[in-house]
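Each chain gets a letter, A, B and so on, in the order the sequences are listed, and its residues count up from 1.
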Amino acid sequence: MHQIFFNSKDLSMTTISLSEQEIIRRNSLQKLRELGIDPYPAAEYPVNAYSEDIKAGFSDGQDHFGEVCLAGRLMSQRIMGKASFAELQDAKGRIQLYINRDEICPGEDKTLYNEVFKKLLDIGDTIGVKGTVFKTHMGEISIQVKELTLLSKSLHPLPIVKEKDGVTYDAFTDPEQRYRQRYVDLIVNPQVKDVFVKRTKIVNTMREMFNERGYFEVETPILQPIPGGAAARPFITHHNALDIPLYLRIANELYLKRLIVGGFDGVYEFAKDFRNEGMDRTHNPEFTVMEIYVAYKDYQWMMKFTEEICERVALALHGTTKVQLGDQIIDYKTPYPRVTMYEAIKTHTGYDIAGKSEQELREICDKLGIETDPTMGKGKLIDEIFGEKCEHHYIQPTFIIDYPVEMSPLTKKHRDNPELTERFELMVNGKELANAYSELNDPIDQRERFEEQLRLSEKGDDEAMFIDQDFLRALEYGMPPTSGMGMGIDRLTMFMTNSPSIQDVLFFPQMKPEQKPVELSEDGKMVLEILKSKSPVELNELKEKSGLSNKKWDKTIKDLTKNNVARVVKSEEGLFVESVG
RNA sequence: CUCUCCGUAGCUCAGCUGGUAGAGCAGUUGACUCUUAAUCAACGGGCCGAGAGUUCGAAUCUCUCCGGGGAGACCA
């Protein structure tokens, strides 16, 4: 859909599809050039102030700002003859400008005010102003503009959003446009920016915390020959020079553990992972996970660390551990309850599944109305019961611990019960936020677990893990006892910013490609063919030759003239159609 | 993948049981030197998502397709 703009036919189509307002702006651009004003100047603009700082720092009667110079986008104009008000939006907020004709045009030539400001500037243009700070009669802190510079002309009109007394009018809300044109969303919807500021603050807070403890931020391969560390369908690509398939990573776990083998005590990565699965309110094909591995720790230690992270992030963002989420208040104050999976199931179903056989579990599922199929083993059945009957109950942060061994091929067996593993998931608002283990470092056990996965895969489980021989070799060299944890950054951001959809916390959520501009219809092409042999041609003659019905003829000829490939000319001899170009 | 709602001017939306499109903002022209959703006057602006069908006639009814939202299924 990009190359379409490079062939001449479509180029002409994009030109004629300009709206009236876009044409006017292009004309203004031309007029500015004729006045000797470069609409896209190159020189540095010496900004020395921001809107919000000025508004926060201004006090009546004294001007301690002196001359300020700020730049931003022109968001509104209120023109009143020889003086005007306007609003400038910079990186921090908005401030009102007062523009007086004789202040910005001290000499005889009033062109800058009368022509440039009043006529040739538009909402959306980036401008720079120099002036002084003052307060209007109505009490609004404003800039008295002495010098006005166009820094960048805007050719595409912005949606106009107005606001009074906290009520927003004509808000730009269409989700499709907001996500496809996030830049517009960010310009006109200030609360959107806030979500992304918070997102970055979450990452910075975590990074700060890890660095304080001496953990080491690393980067590991995104293109992997074996997609490991999780159960998911990968994206596949091809490396030409090596002529091998490569996969976009679904997790980075196995690489981070290799680094623990290599002697780092603590490593972490904020990683983009990719999964070739469905998209919905909580899933995007690429998403961000923070994974951290710390040597000589176990999952008990990691629980404490994880709850500390959450508490600290909540405090950094909101100054309190209580965070609004939908109609709930989530309290991230530590410590969080630890509930074993067996306890959770007993609480919410009444069944004690400890020591139950596969057959017995299947019967319990039947009684609970949970569908099962014969390929499901013990672990899968237990996981199903938990997912259906328990998960959604855990609104406040809760650690669900001790998962069945079948579900956790990379996790160390529980020190007290070989059917279980030392694994926890942190549940918030009924959803998984983090997942952690005492990492399996027994290479023989690990190999057996991989082989079990291989058997599952042969049984038809398409998300069973591949065997990564090099990872096993690394474990054979010896990995210290380690605990690792992964936390979904998108999900955490959703929780911390009260965003109901993952699209609200991603700048550019995945969307289907936009539709191509419409091409000429078959009828249009056919009529054009006739025109090629004879042009101009009498209208009725052409209509007859085309053999089209009245309705189709009407539509087709309108199509051709709209697209500027044909033209109807009226002369004394009658109506003629001629081709253009 | 299923169900459901939506797609009309640059933006937000109205347009009912079919009769050929309306408002506010934005734009253009004019007036106005402290306005703030500025105001006042005039004007211009529409492949009514695309295609097909029913009809004398479709923004409106039917079907198909495209795009989006929501709910679910699948999936961590």
> Taking atom P in both A59(B) and G7(B), what distance in whole Å separates the two?
Replying inline: 15 Å
> Pick the nucleotide of RNA chain B nearest each of Q503(A) and E432(A); which residue has the one closer to the 5' end?
Replying inline: Q503(A)
> Of the nucleotides G69(B), A38(B), C75(B), which one has an atom closest to the side chain of M80(A)?
Replying inline: A38(B)
>> I'd like to know if K378(A) and E406(A) make a salt bridge, using a cut-off of under 4.0 Å between side-chain N and carboxylate O.
In response: no
> When you measure from the side chain of D280(A), which nucleotide among C34(B), U12(B), A73(B) comes out closest?
Replying inline: A73(B)
>> By a 5.5 angstrom centroid cut-off and a 30 degree plane limit, is there stacking between F85(A) and A38(B)?
In response: no
>> For the P atoms, the ones on U4(B) and on A50(B), what distance do you get once it is rounded to whole angstrom?
In response: 23 Å
>> Using a 6.0 Å distance limit plus a 45 degree cone around the ring axis, check whether K92(A) lies over the aromatic ring of Y50(A).
In response: yes
> Considering only side-chain heavy atoms of D170(A), which listed nucleotide, C34(B), C25(B), U28(B), is closest?
Replying inline: C25(B)
> Whom does A71(B) pair with, Watson-Crick or G-U wobble, provided both distances fall under 3.5 Å?
Replying inline: U2(B)
>> Checking contacts here: which listed nucleotide (G70(B), C34(B), G10(B)) is nearest the side-chain heavy atoms of R281(A)?
In response: G70(B)
>> A cation-pi test, strictly: NZ or CZ of R182(A) under 6.0 Å from the centre of the six-membered ring of F508(A) and no more than 45 degrees from its axis. Yes or no?
In response: no
> Sequence neighbours excluded, which residues qualify as salt bridge (charged side-chain N to carboxylate O under 4.0 Å, His left out) partners of K193(A)?
Replying inline: none
For nucleotides 29-31 of chain B, list the nitrogen or oxygen atoms of the protein found under 3.5 Å from its nitrogen or oxygen atoms, one pair per line.
| from | atom 1 | to | atom 2 | distance (Å) |
| --- | --- | --- | --- | --- |
| G30(B) | OP2 | K119(A) | NZ | 3.4 |

> Should E140(A) and K135(A) count as an ion pair when the cut-off is N to O under 4.0 Å?
Replying inline: no
> Below 4.0 angstrom from OP1 or OP2 of C74(B), is there any side-chain N or O of R233(A)?
Replying inline: no
>> Can you check the distance between C34(B) and U39(B), where both ends of the measurement are the C1' atom (answer in whole Å)?
In response: 14 Å
>> Partner lookup for C40(B), please. Criteria are Watson-Crick or G-U wobble with both distances under 3.5 angstrom; report none if nothing qualifies.
In response: G30(B)
>> Let's test your reading of the model: under 3.5 Å, does the base of A37(B) pair with the side chain of E163(A) as donor and acceptor?
In response: no
> Using the C1' atom in both, what is the distance from G15(B) to A23(B), to the nearest Å?
Replying inline: 10 Å
>> Check R73(A) with D90(A), please: is the shortest side-chain N to carboxylate O separation under 4.0 Å?
In response: no
>> Distance check, P atoms only: C48(B) and A9(B), in whole angstrom units.
In response: 9 Å
> What is the pairing partner of U54(B), taking Watson-Crick or G-U wobble pairs with both distances under 3.5 Å in any strand?
Replying inline: none
> Considering only heavy atoms and no angle criterion, is a donor-acceptor pair shorter than 3.5 Å present between the side chain of E176(A) and the base of G67(B)?
Replying inline: no
> Are K257(A) and E269(A) within salt-bridge range, i.e. N to O under 4.0 Å?
Replying inline: no
>> Looking only at the side chain of E277(A) (C-beta and beyond, no hydrogens), which of the listed nucleotides C75(B), G68(B), U33(B) gets closest?
In response: C75(B)
>> Side-chain N or O of K162(A) versus OP1/OP2 of U36(B): is the shortest distance under 4.0 Å?
In response: no
> Under 4.0 angstrom, heavy atoms only, what part of the nucleic acid is Q177(A) near: base, sugar-phosphate, or nothing?
Replying inline: sugar-phosphate
> If each of E384(A) and P157(A) is mapped to the nucleotide of RNA chain B with the nearest heavy atom, which maps nearer the 5' terminus, i.e. the 5' end?
Replying inline: P157(A)
> Mind checking whether Y394(A) and H348(A) have parallel, tilted or perpendicular rings, split at 30° and 60°?
Replying inline: perpendicular
>> Could you check whether the side chain of Q96(A) and the base of U35(B) have a donor-acceptor pair of N or O atoms closer than 3.5 Å, going by distance alone?
In response: yes
